[in-house]
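Written below as structure tokens is the structure these notes are about.
Heavy-atom basis, side chains included; hydrogens, waters and symmetry copies ignored. Both ligands and their constituent atoms are indexed starting at 1 by order of listing.
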Amino acid sequence: MHLELPNRLANFIGGNFIAPTQQQYFDNCNPATGDVLCAVPDSTEEDVQLAVTAAQQAFPAWSTTPAEQRFKVLNKIAELLESNLDALALVETNDNGKPLSLSTRVDIPRAASNFRFFATGLLHFASESHSMEDKAINYTLRQPIGVVGCISPWNLPLYLFTWKIAPALAVGNCVIAKPSEVTPNTAYLLSVICKEAGLPDGVLNILHGGGQHCGSAIVAHPAIKAISFTGSTRAGKEIAAVAAPMFKKISLELGGKNPAIIFPDCDWDTMLNTVIQSSFANQGQICLCGSRILIHASIYEKFKKAFVERAAALTVGDPLEKTSKQGAIISKMHFDKVLHCIEQAKAEGGTILLGGHAIKGSGRCENGLFIAPTIIEGLGPHCKTNMEEIFGPVVTLQAFDDEADALAKANCSDYGLAATIWTQDLTRAHTMAAQIHNGIVWVNCWLLRDLRTPFGGFNNSGIGREGGWEAMKFFTEQKNICIALGTTH
Ligand code: NAD
């Protein structure tokens, strides 16, 4: 198949590619060049209603389709994502600004893995049975919920979109999904792929538009019984406020302000190589990036020198160039926000050790939105810079004295998504991992993902867990059936 992006994206409803009811569109730009890529439907509640109707019509057949058949079609989607890797990676990079090497190596392969993982998972999904000796037997059915909503952000566009859609479909739901309005392009191509793969009409409906008109209408629709959301803590609060009184199931994967804790006994080279990644990969726009680097006081100066040197060598520029390690920031609004946060850090008394400014692109990227990798020191744990999510190529360095001090500094955040600990001392690693307030703890690694493990955060980082059986359970309702064996008294 040949994937091509049209000048105007269409919604994918009931297996048809259709224009938004109100005929309203907005422009979608390449953040590395400023070029307009396409017009995006500004969908509204009328479009959400059309999608809900299509999903409701598709549900009886899809929810009773044999597992083997559901596996085949979801696995076919995985295969088509893989066989179109290069085309999809290029579209993702043009839409998001991330280096093409990253889209090719991480984003698109992971999107394919998401579909393959949950396609195979559905063949093994089972539920419990509880025997009450000779009195009764209980068994639990896990049934699909019906029509569910999946809303995703711009930083890992197809990767996170498919991470929600695949488990929802696998267990037999019909889905209304909305990608971020700033990175809708691979989601559009996914609709083309689903059609080609033979996914029945109406099983997956992809709507394009903003959070205000389209996202909020998905959340508020009474027939959409569960919402799986990844995005900002701000939007997560708004969604919870609407969905909770309607008693919808909600899974919220929100922001982070993650600590990377470095002890003197770590494997220095592995640590340094990885902390460069965990700080600046995807221009620091990954919810799991370690933006607060905590270093044992005895190695603070050594780390600072080596880290600044390594970060200074990261080439920032055209995402299509093989040499570029850092691409563009997603949008002008976000670019301004990140630069504002850097000014705020200075006003709070921080010292800029590296970067701290925008970078002018060249050639086709002269209008691109680039920010230099930025390293800041001299700020305490409670200042805004260390408490609020920046979500850009900006990290702070803080020294700590001992394990207790490291834990206190790591845990003073309102967020609790992911922590990284660098030490060769197993006892210390286990003890600290148990005490740290984060849903994910990496020891001597970062972003090493096993899709079976629970994924999610504490506190302002959200509620619920994605991944493995957690995601498949989220997208089902449990029903316990108790059968008396003979007389019960
Ligand atoms: P965002 O909250 O602005 O938007 C995310 C999605 O929600 C978009 O599709 C948007 O249109 C929609 N949306 C916005 N307001 C809405 C509302 N009131 N109702 C329904 N939908 C709404 O987030 P973003 O700027 O796209 O993404 C960056 C944020 O996402 C960061 O905070 C980052 O930490 C977080 N994130 C978290 C994870 C995680 O797994 N925890 C992963 C990636 C990104």
Checklist entry - Do any nitrogen or oxygen atoms of Gly211 lie less than 3.5 angstrom from nitrogen or oxygen atoms of ligand 1? => result yes
Next on the checklist: Measuring from non-hydrogen atoms of Gly462 to any atom of ligand 1, is the shortest distance under 4.0 Å?
Outcome noted: no
Next on the checklist: Evaluate Ile151 against Val219 for side-chain contact (heavy atoms from CB on, under 4.5 Å), listing each step before the verdict.
Outcome noted: CA-CA 9 Å; Ile151 301 175; Val219 174; 3.9 Å; yes
Checklist entry - Contact between Gly457 and ligand 1, counting heavy atoms under 4.0 Å? => result no
Checklist outcome for this item: side chain to side chain contact (heavy atoms under 4.5 Å, CB included) with Thr44: of Asp42, Asp47, Val48, only one passes, and it is Asp47
Item to check | Atom indices of ligand 1 within 4.0 angstrom of Gly210 heavy atoms, with elements | outcome: 11 (O)
Checklist entry - Do the charged groups of Lys257 and Asp414 touch, with an N to O distance under 4.0 Å? => result no
Checklist entry - Looking at atom 8 (C) of ligand 1, what's its closest protein heavy atom, distance included? => result Ser152 O, 3.4 Å
Checklist entry - Does an N or O anywhere in Lys178 fall below 3.5 Å from an N or O of ligand 1? => result yes
Item to check | Sub-4.0 Å atoms of ligand 1 with respect to non-hydrogen atoms of Leu160 | outcome: 42 (C), 43 (C)
Checklist entry - atom 10 (C) of ligand 1: which protein heavy atom is closest, and how many Å away? => result Glu181 OE1, 3.5 Å
Checklist entry - Relative to the heavy atoms of Gly215, which atoms of ligand 1 are at a distance of less than 4.0 Å? => result 19 (N), 20 (C), 21 (N)
Checklist entry - Which residue supplies the protein heavy atom nearest to atom 7 (O) of ligand 1, what is that atom called, and how far is it? => result Phe229 CE1, 3.0 Å
Checklist entry - Against heavy atoms of Glu238, which atoms of ligand 1 measure under 4.0 Å? => result 17 (C), 18 (N)
Item to check | Residues Gln212 and Ser216: side-chain donor-acceptor under 3.5 angstrom | outcome: no
Next on the checklist: Can you tell me which residue among Val182, Leu160, Asp95 is in a side chain to side chain contact (heavy atoms under 4.5 Å, CB included) with Trp154?
Outcome noted: Val182
Checklist entry - Looking at Asn155, which atoms of ligand 1 are within less than 4.0 Å of one of its heavy atoms? => result 43 (C), 44 (C)
Checklist entry - What do you think, any protein heavy atom under 4.0 angstrom from atom 13 (N) of ligand 1? => result yes
Next on the checklist: Closer than 4.0 angstrom, basic N to acidic O: yes or no for Arg116 and Glu82?
Outcome noted: yes
Next on the checklist: Between Lys98 and Asp107, is there a side-chain heavy-atom distance shorter than 4.5 Å?
Outcome noted: yes
Item to check | For Leu417, atoms of ligand 1 separated by under 4.0 Å from a heavy atom | outcome: 41 (N)
Item to check | Nearest non-hydrogen protein atom, atom 27 (O) of ligand 1 | outcome: Pro153 CB, 3.3 Å
Checklist entry - So which heavy atom in the protein is nearest atom 24 (P) of ligand 1, and how far is it from that ligand atom? => result Trp154 NE1, 3.3 Å
Checklist outcome for this item: closest protein heavy atom to atom 1 (P) of ligand 1 is Ser232 OG, 3.6 Å
Next on the checklist: Cation-pi check for Phe474 against Lys249: NZ or CZ below 6.0 Å from the six-membered ring centre and within 45 degrees of the axis, yes or no?
Outcome noted: yes
Item to check | Protein heavy atom at shortest distance from atom 39 (C) of ligand 1 | outcome: Cys287 SG, 3.3 Å
Item to check | Geometric cation-pi criterion, Arg8 with Tyr25: 6.0 Å, 45° | outcome: yes
Next on the checklist: With a 3.5 Å distance limit and no angle check, can you tell me whether Thr233 reaches the backbone of Asn460 through a side-chain donor-acceptor pair?
Outcome noted: yes
Next on the checklist: Salt bridge check, Glu343 against Lys346: does any charged N sit closer than 4.0 Å to a carboxylate O?
Outcome noted: yes
Item to check | Cation over ring face, Arg449 and Trp442, 6.0 Å, 45° | outcome: no
Next on the checklist: Could you check whether any heavy atom of Pro179 sits closer than 4.0 Å to an atom of ligand 1, since that is the contact criterion I want to use?
Outcome noted: yes
Item to check | Note: Lys384-Glu348 ion pair, threshold 4.0 Å (strictly below) | outcome: no
Checklist entry - In a check of side chain to side chain contact (heavy atoms under 4.5 Å, CB included) between Pro144 and each of Trp62, Phe59, Phe475, which one passes? => result Phe59
Item to check | Closest approach of any protein heavy atom to atom 32 (O) of ligand 1, naming residue and atom | outcome: Glu389 OE1, 2.6 Å
Next on the checklist: Can you confirm, on distance only, whether ligand 1 has an N/O atom lying under 3.5 Å from any N/O atom belonging to Gly231?
Outcome noted: yes
Next on the checklist: Checking Ile261 against Trp422 for the side-chain contact (heavy atoms from CB on, under 4.5 Å) test, could you report, in this order, the C-alpha distance in whole Å, the side-chain angles of both residues, the deciding distance, and whether it holds?
Outcome noted: CA-CA 6 Å; Ile261 306 171; Trp422 291 96; over 6 Å; no
Next on the checklist: Could you tell me, atom by atom, which parts of ligand 1 come under 4.0 Å of a heavy atom of Phe455?
Outcome noted: 40 (O)
Checklist entry - Non-hydrogen atoms of Arg234 versus ligand 1: any pair closer than 4.0 Å? => result yes
Checklist entry - Taking only heavy atoms of Ile239, which atoms of ligand 1 are found under 4.0 Å from at least one of them? => result 19 (N), 20 (C)
Next on the checklist: Between ligand 1 and Leu254, is the shortest N or O to N or O distance under 3.5 Å?
Outcome noted: yes
Checklist entry - Strictly under 4.0 Å, does any heavy atom of Ser461 approach an atom of ligand 1? => result no
